[in-house]
Amino acid sequence: MDLDKPDPKLVIRNIGLVLSGKLEQPILDADCVVVIGKRIAAVGSARDLDTEDATTLIDAMGCTLAPGLIDSHVHPVIGDYTPRQQQMNWIDSTLHGGVTTMISAGEVHMPGRPKDIVGLKAQAIAAQRWYENFRPSGVKVHAGAPIIEQGMVEQDFKDLADAGVTLLGEVGLGSVKDGPTAKTMVAWARKYGLQSTIHTGGPSIPGSGLISAEVVLEADTDVVGHINGGHSALPDDQIICICDGCLRGLEIVHNGNERAALLTLNTTREMGKLDQVILGTDGPAGSGVQPLGILRMVAMLSALGNLPAEQAFCLATGNTARMRKLDTGMIEPGYAADFVLMDQAQHAPGASILDSVQLGNLPGVGMTIIDGVVTSQRSRNTPPAGRIPVVVRG
Ligand SMILES: [Zn+2]
């Protein structure tokens with residue numbers, strides 16, 4: 001760090017609508033955000049904020065600013081390449097869908113993935129490092145998520161934690177598929193600070209297995225991975241049982257069963273547990289990669305689930321941040337300056353961007369910002385936004 005040089009200052013002014021990411025107050029009364037360095041310094045009305053001497057000045061042109069979207073469930077392997085569908089630049093494409101943070105549910109598509117214990121630990125440590133050292137197009141990829149196998153002992157989880165690993169991949173994709181073993185290992189993982197998730201529902205591909213509600217609840221992972229199946233969902237009564245019995249993250253994915261997604265939304269809403277619902281894509285997978293997957297989930301849940309769009313965005317931002325203990329996903333001083341700027345898509349029906357999303361339309365992404373730095377401008381993937389932000393200086 002250059003100690004003589006002050007942190008860069010980013011000012012975004014003329015924002016039409018600020019979405020906070022927080023369910024308790026999804027819309028903020030603000031038109032300006034000030035960022036110092038990589039963090040939000042102030043949010044409010046431009047006339048009340050210190051907007052002088054910005055290193056970078058952005059005129060939002062009336063666009064909507066939201067926290068950068070978080071994909072709670074991805075399967076990266078290496079860099080911006082996935083062997084699953086032989087696809088390059090899928091993370092960059094997803095950035096163009098407004099996603100600025102991704103969380104690995106296991107690097108399971110690595111050809112020849114090691115299943116012996118020392119091998120799976122080595123791969124997890126390596127994956128954690130290469131995504132820490134390299135952010136594809138700026139996207140924060142939290143990876144290095146080992147798949148637990150029979151025979152692991154407590155020391156293995158301590159070794160992983162000591163080496164910098166912070167996640168477990170989907171429980172159930174390896175040889176541990178029974179409740180008691182999963183529960184023991186998940187508890188060891190938690191003891192050493194590793195966050196866990198589980199594969200819920202029928203097998204995803206040949207080789208994976210069925211994980212029932214009973215196993216999900218016994219394993220007690222931090223996140224119930226794809227509660228709506230990946231792709232085969234559990235029977236309705238088991239989904240309702242998980243919603244009822246679980247106090248942790250309930251994750252709905254794009255590559256799952258849409259009907260089960262709506263059942264989860266309606267059930268959690270009735271139970272007053274909407275704050276536990278988080279969104280992921282579960283891509284890359286057999287269903288491909290979904291650059292717009294999170295936006296599609298927001299629009300689908302809003303439209304078919306009758307959820308106000310500003311609340312639907314919270315499921316993809318602040319809810320995930322809270323469940324995953326991230327310093328992003330909310331528009332609040334101190335949080336990472338990760339933003340997506342959007343507008344109603346050209347010729348999309350609706351009286352406003354929120355109305356348009358609740359009618360099932362995708363917004364147009366005009367810009368993404370990660371750690372206070374512009375990472376993309378007009379999206380090459382969303383329908384074109386009516387208005388796009390302009391970099392006035394910087
Ligand atoms: Zn899965």
Side-chain angles (χ1 to χ4, degrees), residues 70-77 82-85 90 94 102-111 113 115 120 123-124 127 141-149 167-179 181-182 185-186 189 194-235 238-239 242-243 246 248-261 263-264 277-290 293-294 297 320 323-324:
I70 306 170
D71 187 337
S72 170
H73 192 132
V74 293
H75 290 293
V77 170
T82 172
R84 187 71 176 91
Q85 300 295 349
W90 68 278
T94 307
M102 295 179 165
I103 299 162
S104 175
E107 296 76 39
V108 291
H109 303 141
M110 172 65 96
R113 171 167 69 89
K115 294 177 182 164
L120 73 87
Q123 182 185 302
V141 182
H142 298 272
I147 303 300
I148 55 174
E149 299 284 353
L167 297 166
L168 280 194
E170 281 176 75
V171 173
L173 294 186
S175 53
V176 176
K177 299 183 198 296
D178 68 288
T181 312
M185 292 191 184
V186 164
L194 275 70
Q195 241 179 45
S196 52
T197 184
I198 191 164
H199 173 96
T200 309
S204 50
I205 49 171
S208 69
L210 166 71
I211 302 290
S212 67
E214 198 185 345
V215 176
V216 168
L217 290 172
E218 185 166 9
D220 191 33
T221 49
D222 295 298
V223 169
V224 176
H226 55 60
I227 188 170
N228 63 322
H231 185 280
S232 307
L234 291 171
Q238 292 196 36
I239 293 176
I242 293 173
C243 291
C246 179
R248 304 189 188 274
L250 300 167
E251 181 191 79
I252 299 175
V253 300
H254 182 274
N255 288 349
N257 176 318
E258 291 86 350
R259 196 185 138 276
L263 173 68
T264 303
V277 178
I278 64 179
L279 306 185
T281 56
D282 197 5
S287 301
V289 302
Q290 292 79 25
I294 297 294
M297 302 274 301
T320 318
M323 284 290 159
R324 296 287 200 172

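Note that the coordinates shown come from a computational prediction; the quantities given were computed from them, not determined experimentally. Every number for a ligand or one of its atoms is a count from 1 in the order of the listing.
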Trainee: Between Ile103 and His73, is there a side-chain heavy-atom distance shorter than 4.5 Å?
Mentor: no

Trainee: Glu149 and Ser175: side-chain donor and acceptor closer than 3.5 Å?
Mentor: yes

Trainee: Would you say the side chain of Asn228 lies within less than 4.5 Å of the side chain of Ile239, judging by non-hydrogen atoms?
Mentor: no

Trainee: With no hydrogens and no angle check, just 3.5 Å: does a side-chain donor-acceptor pair link His75 and Asp282?
Mentor: yes

Trainee: How close do Arg248 and Met323 get, counting heavy atoms only, and between which atoms?
Mentor: C-SD, 3.9 Å

Trainee: Just wondering, do Asn257 and Ser232 contact through their side chains at under 4.5 Å, heavy atoms?
Mentor: no

Trainee: Check which protein N, O or S atoms are less than 2.8 Å from the Zn ion (ligand 1) and report how many there are.
Mentor: 3

